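These figures come from a predicted structure and were not determined experimentally. When a residue number appears, it is its place in the shown sequence, counting from 1.
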Amino acid sequence: MDYKNYIASKLNIDGVTSEEIASLIVTPPDNSLGDYALPCFKFAKIMRKAPNMIADDLAKNYVVDDNITKVIAVNGYLNFTVNRTAMVTNTINKILAEGENYGASNVGEGKTVCIDYSSINIAKPFHIGHLSTTVIGGALYRIYKFLGYNTIGINHLGDYGTQFGKLIYAYKTWGNKEEVEKGKIKELMRLYVKFHDESEKDATLDDKARNYFKLIEQGDEECVALFKWFKDLTLTDVKKVYDDLDITFDSYNGESFYNDKMDVVINELNDKGLLKESDGAKIVDLESDGMPPCLILRSDGASLYATRDLAAAIYRKNTYDFYKCLYVVAYQQNLHFKQFFKVLELMNKPWAKDMVHVAFGMVSLEEGTMSTRKGKVVFLEDVINKCVEKAYAIINDKNPNLENKEEVAKAVGTGAVIFGALSSSRIKDIVFSYDKVLNFDGETGPYVQYTYARCESVLKKAGEIGEYNYTNLLPIEYDLVALLTKFPQVVLTASEKYEPSMVTRYAVDVASCFNKFYFDCKILGEEENVKNFRLALTKATKTVIKNALSLLGIKTPEKM
Ligand code: ARG
């Protein structure tokens, strides 16, 4: 039962469609006047009447029934009271019947969404700065799938540039196979830093590096093999973190993949008269759009980040025919995306409007937590491991006899990192704090997981849930059910706003509402009718929490 649509279908307002009415209906935070409310202020102009008079008239003409039992007009609002007993039973039945599909839909059927996320750089550390793009992208990937979209996850690897020439020179000069195999990215980084130190003393090194890079581009066997090896090493190294975070990709086509796909773009820019010469370089002038020019070719003929992004966008459109193409990349790259989207528009690509930069803020570590590494890179893997260790200590302290403590600690520690990174609107900068994300009483992953385990424990003790016919609904019980009805809408809005934090916040709301219910209402000791209703409500809550957390890539241990 969709009450908003139901109410809207029973209202007649000249010049306003039923859909428009439904979209205006809200669920008031204080439901003492009604469970749904329609503000009438927007109709004043069309109807040439004061909002409170409109509300009065609409209330007078509304015929109540079994679904909507009362309608009153108050201060320009039309307030509707639903038949709470029917609403509650229907909702719980629906959630229990749909189970892990509750909240899913097919709005996305036939549409493809490409999501460019994580997009790490080869031979560079996978650090705390990659946390947001990886978990926001991962969550959006699952959310879109849940809504029926065909979803393509793309890791647009940073695998192109002179730094690979530097690395080859450094490896051949100061490195060896065993050390690289042992140290992996850390050894590659050491070599890279060594190159920079040495090139300060010897200016010829840069030329030598450039030469090696050229050899890669020309397909020189040895150089290409080394480059591929560095790439494989990086990918195997990060695979562990992706597994921990439950992150998958459908494509690892990175920047180098577009090496042979840029000429077409450059020719097209040229044919369309968009390419201009500037100090030997080729640019697209964006002055009339209030932006600095978009660099396409350097004076030495080398392509740039934007050139490869243009080629990649065109390739994605041709390959996937996307409905939307998302780029989950930090706000530092705002200008880059604005420029490159603008260039597509100037190229008359009608789909330029479907490109979305899903920007997010910076993540820093709380001062002092890693003081020994201050100023140095903080590996994402280390952050996750530390969180898991700390989670283990907390669990061991709270529940020393828990069976699979390691496994639970892993789910809780990893979940805490993910939930923490998705807790506030993505555009906000976040200061990552171990104590904060692991606070079992805070608005955290562990708090929600703990609530889930609490539901499970109640249900396990109770056994089978019998029939119920419950009419003496308490306000907290209604509030909890009303919250559970909102899940499908929350998922939908999160997809429209590219904002997984709506799901984390919702999960916290559900958990705290359930806990209030749990402390206010007895479940197991009550008479059958009440007990069964409350057990069914507990089971519905458990289902919703699980669905919400799994969209974020967070596991739900049955015991904690
Ligand atoms: N590798 C880039 C970086 O670390 C991010 C790439 C984002 N995706 C893209 N298509 N530009 O900054």
Atom of P557, atom of A453 and distance for their closest heavy-atom approach: O-CB, 4.1 Å
Side chain proximity check, T85 to Y470, heavy atoms < 4.5 angstrom: no
Lys/Arg-Asp/Glu bridge criterion (N-O < 4.0 Å) met for R316, D116: yes
Gap separating the NZ atom of K240 from the CG atom of L380, nearest 0.5 angstrom: 10.0 Å
Shortest non-hydrogen separation from V107 to K111 and the atoms involved: O-NZ, 3.8 Å
Spatial distance of atom CZ (R84) from atom OG1 (T91) [nearest 0.5 Å]: 12.0 Å
Crowding at CD, E100 (>12 non-hydrogen neighbours, <6.0 Å): no
Y327 ring center within less than 6.0 Å of F340 ring center: yes
Sidechain-backbone polar pair: T444 side chain, L438 backbone, donor-acceptor under 3.5 Å: no
Over all atoms of both residues, closest heavy-atom pair of L140 and I115: C-CD1, 3.8 Å
Aromatic ring pairing H127/H130, orientation class (parallel under 30°, perpendicular over 60°, tilted between): tilted
K353 atom NZ, neighbour heavy-atom count above 12 within 6.0 Å: yes
Salt bridge flag under 4.0 Å for residues R534 and E477: yes
Side-chain touch V113/Y323, heavy atoms, less than 4.5 angstrom: yes
Side-chain touch Y320/N150, heavy atoms, less than 4.5 angstrom: no
Sidechain N-carboxylate O distance under 4.0 Å for K542, E456: yes
Donor-acceptor contact below 3.5 Å, side chain N79 vs main chain L33: no
Within 6.0 Å of OH in Y77, more than 12 heavy atoms from elsewhere: no
Stepwise side chain to side chain donor-acceptor pair (under 3.5 Å) check, N31 with Y478: CA-CA 10 Å; N31 55 23; Y478 176 77; 5.5 Å; no
Heavy-atom check, side chain of V437 versus side chain of V417, under 4.5 Å: no
CG on L535 to SG on C455, rounded to 0.5 Å: 10.5 Å
S251 versus N253, closest heavy-atom pair with distance: OG-N, 3.1 Å
Exercise: do S364 and D429 side chains pair donor with acceptor under 3.5 Å: no
D246/K555 salt bridge by N-O under 4.0 Å criterion: no
Polar side chain donor-acceptor pair, S433 to D435, under 3.5 angstrom: no
N83 side chain to A86 backbone, donor-acceptor under 3.5 Å: yes
Worked check of side chain to side chain contact (heavy atoms under 4.5 Å, CB included) between L147 and L492: CA-CA 8 Å; L147 295 174; L492 196 65; 4.2 Å; yes
Main-chain N/O of P400 paired with K405 side-chain donor or acceptor, under 3.5 Å: yes
Between H336 and Y305, ring centroids under 6.0 Å: yes
CG-CG distance between L235 and D159, expressed to the nearest 0.5 angstrom: 9.0 Å
Centroid-centroid distance, Y252 to F257, less than 6.0 Å: no
Pair E407 + K559: basic N to acidic O under 4.0 Å: no
Close aromatic pair by centroid cut-off 6.0 Å: Y3 and F80: no
Y331, OH atom: more than 12 neighbouring heavy atoms under 6.0 Å: yes
Side chain to side chain, Y506 and V544, heavy atoms closer than 4.5 Å: yes
Within 45° cone of Y434 ring axis and under 6.0 Å: K386 NZ or CZ: yes
Distance flag, aromatic centroids of F517 and F514, threshold under 6.0 Å: yes
Aromatic contact, Y117 with F360 (centres under 6.0 Å): no
Check: D244 main-chain N/O paired with T414 side-chain donor or acceptor under 3.5 Å: no
D250 vs Y141, side chain to side chain donor-acceptor pair (under 3.5 Å): CA-CA, chis, key distance, verdict: CA-CA 11 Å; D250 303 286; Y141 185 80; 2.7 Å; yes
N/O donor-acceptor pair under 3.5 Å between S423 side chain and F419 backbone: yes
K42, NZ: over 12 other non-hydrogen atoms inside 6.0 angstrom: no
Whether F146 and F487 hold their rings parallel, tilted or perpendicular, with breakpoints at 30° and 60°: tilted
Distance (rounded to the nearest 0.5 Å) between W351 CH2 and M355 CE: 5.5 Å
Side chain to side chain contact (heavy atoms under 4.5 Å, CB included) evaluation trace for I247 with S118: CA-CA 9 Å; I247 294 293; S118 204; 5.7 Å; no
K436, NZ: over 12 other non-hydrogen atoms inside 6.0 angstrom: no
H357 side chain near K338 side chain, heavy-atom distance below 4.5 Å: no
Shortest non-hydrogen contact from R308 toward E255: NE-OE1, 2.7 Å
Check against side chain to side chain contact (heavy atoms under 4.5 Å, CB included), I120 and K124: CA-CA 8 Å; I120 51 161; K124 292 254 181 78; over 6 Å; no
Flag side-chain contact, heavy atom, 4.5 Å: S425 against E499: yes
Nearest-0.5 Å distance, CD1 of residue I465 to OG1 of residue T538: 7.5 Å
Over 12 non-hydrogen atoms of neighbours within 6.0 angstrom of CG in N334: yes
Over 12 foreign heavy atoms within 6.0 Å of CG, D243: yes
Check: K4 and Y36 side chains under 4.5 Å, non-hydrogen atoms: yes
Criterion side chain to side chain contact (heavy atoms under 4.5 Å, CB included) on F379 and D237, from CA distance to verdict: CA-CA 11 Å; F379 287 86; D237 219 19; over 6 Å; no
Check: K531 side chain, G525 main-chain N or O, donor-acceptor pair, under 3.5 Å: no
Over all atoms of both residues, closest heavy-atom pair of S424 and I430: OG-CG2, 3.5 Å
Cation over ring face, K324 and Y149, 6.0 Å, 45°: no
Under 3.5 Å side-chain donor-acceptor pair for T27 and K486: yes
